[in-house]
Amino acid sequence: MSKIALKNATVMCESGFKRTEVLIEDRLIAKIDPQVNTDGAKVIDCHGMLVLPGLIDAHVHFRQPGMEKKATIKTESAAAALGGVTSFMDMPNTNPPTVSMDALNGKKDIAKKDSYVNYAFYFGASDKNLEEVKRADPHEIAGVKIYMGSTTGGLLLEGESALVKMFKASPTLVATHCEDNAIINANTALAKEMYGDHIPFNMHPIIRSRDCCIKSSALAIEAAKEAGARLHIAHLSTAEEVEMMREFASGPLHSRQVTGEVCIPHMFFNEGDYDRLKGFLKCNPSVKYERDRRALLAGLRKGLISTIGTDHAPHELAVKTSENYLNVASGLPSVQYSLSVIFELSKRGEISLEEGIKAATCNVAERFGIEKRGTIKEGYYADLVVFDPGESFIVEQKDIASLCGWSPMLGQRFKGRVRDTIASGRLVVQDYAIASEPGDAMALRFNVND
């Protein structure tokens with residue numbers, strides 16, 4: 001049995017931060033006490049450090065299988081571990097898309113061998129796999145993902161009738177990407193008329209506009225109500241969508257009919273960053289305006305938004321550097337720096353550290369019904385981060401672990417850095433560097449209606 005003792009620690013427990021020590025035995029947190037028994041344990045001195053629950057990123061695109069030029073589960077889970085993310089939930093728009101049990105099991109086989117951190121996968125909805133969705137084991141999948149805006153892999157599902165059928169068929173929570181294609185297409189045509197092949201990147205929040213998100217999110221909510229389904233709207237990006245959450249913002253997270261997620265790019269950037277970052281900030285839905293960014297953070301503070309994710313979506317550098325807006329792929333990597341962003345926003349006073357951490361840990365676990373994770377608690381799996389609040393660093397290309405090798409955070413100075421990461425009791429990151437081999441992580445299990 002492996003044992004790790006975290007000594008001299010300031011630990012974020014269920015009741016808040018307190019000075020204590022943590023004993024890990026094999027996979028689990030065995031003891032939380034001001035003085036744990038360290039006999040036979042690897043002792044990690046946490047003086048001056050914060051010990052936090054490991055982040056659960058419920059929204060990543062690790063690209064494997066089929067897009068290994070962009071990323072792999074091995075490279076992106078390493079980036080996750082370096083950023084304090086101990087569990088990820090990967091989206092289904094891979095090649096082949098995750099719309100069958102064979103495809104799902106194939107991804108799990110890769111993760112079992114190659115992942116540094118704990119893993120789960122969404123089951124994708126298409127216009128051809130309704131019966132497959134009905135047969136999916138809700139304890140084994142993160143949720144059913146519905147794309148209501150353009151995506152890859154034939155996963156687009158449009159129209160209220162098709163949505164309601166899929167919502168009714170889903171054995172578990174439904175997560176949606178909400179954008180309206182008709183609005184996007186009309187806005188794109190207008191931009192082409194105005195600019196030809198020289199559409200500026202600051203047109204992105206106008207082309208993929210607030211209206212396209214608001215209309216689609218409203219449709220998803222109506223479909224969920226009609227079907228009696230549980231809905232989680234991914235990457236909210238507008239002030240209006242935050243207000244939509246107010247109707248559902250009471251009661252335990254797991255039983256709420258509708259909840260929403262905010263992602264790191266929409267929390268950190270605004271329209272003023274397009275001129276500087278150009279294609280490196282192009283993602284769907286678009287990063288919008290400062291008033292939206294502030295509304296999203298206010299939604300977190302008020303409990304209207306329940307979870308934080310990243311929408312980590314790496315692309316090879318060649319498809320992000322074109323000067324032609326229409327030729328630049330949408331998506332950006334952020335999983336390695338999500339905890340640093342949360343800490344930065346807390347230092348600015350825009351959210352509290354506890355609000356940010358809870359939205360990225362225990363709230364995710366509660367909403368998705370993840371078994372024994374998200375909280376530092378005796379008997380729970382040992383998913384922990386030793387965070388150095390005094391360590392300043394500048395994001396440099398040589399430190400980016402994602403296979404793509406770039407980040408919109410490049411050149412950004414952060415104060416606060418992940419020193420050590422423990423995933424399911426295994427020391428994955430030590431002293432700011434990967435310290436183990438992949439393949440010893442665990443599949444997440446979901447307690448749905450248990």
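Predicted model, so just to flag it, every value in this text is computed and none were measured.
Salt bridge annotation for Arg426-Asp26: present, with a cationic side-chain nitrogen under 4.0 angstrom from a carboxylate oxygen.
Between Phe88 and His312, the gap from one ring centroid to the other reaches at least 6.0 Å. Aromatic ring centres of His254 and Phe368 lie farther apart than the 6.0 Å criterion allows.
With Glu316 as the fixed residue, the salt bridge (Lys or Arg N to Asp or Glu O under 4.0 Å) test singles out one of Lys69, Arg63, Lys70: Lys70.
Arg373 forms a cation-pi arrangement with Tyr381, by the criterion of a distance under 6.0 Å to the ring centre and an angle within 45° of the ring axis.
When the shell of 6.0 Å around NZ of Lys165 is examined, it contains 12 or fewer heavy atoms from other residues, nucleotides or ligands.
Between the side chain of Glu76 and the backbone N or O of Ala71, no donor-acceptor pair lies under 3.5 Å.
Residues Thr259 and Arg367 have side chains that bring a donor and an acceptor to within less than 3.5 angstrom of each other. Checking Glu261 against His235 by side-chain atom types alone, no donor-acceptor pair falls below 3.5 Å. Between the side chains of Asn363 and Thr307, no donor-acceptor pair of N or O atoms lies under 3.5 Å. Between the side chains of Glu241 and Ser217, at least one donor N or O sits under 3.5 Å from an acceptor N or O. Side-chain contact annotation: His61 with Asn93, donor-acceptor N/O pair under 3.5 Å present.
Looking at residues two or more places apart in sequence or on another chain, you find a side-chain contact (heavy atoms from CB on, under 4.5 Å) between Lys282 and His204, Lys320, Tyr325, Val328, Ser330. The side-chain contact (heavy atoms from CB on, under 4.5 Å) search around Asn270 returns Asp273, Glu290, not counting sequence neighbours.
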Check residues 95-105 and write down every donor-acceptor pair under 3.5 Å in which the side-chain atom is one partner and the other belongs to a residue at least two apart or another chain.
{"from": "Thr98", "atom 1": "OG1", "to": "Lys107", "atom 2": "NZ", "distance (Å)": "3.0"}
{"from": "Ser100", "atom 1": "OG", "to": "Ala103", "atom 2": "N", "distance (Å)": "3.2"}
{"from": "Asn105", "atom 1": "ND2", "to": "Met101", "atom 2": "O", "distance (Å)": "3.2"}

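Tyr337 and Phe414 have parallel rings, their planes meeting at less than 30° on a 0 to 90° scale where 60° marks the start of perpendicular.
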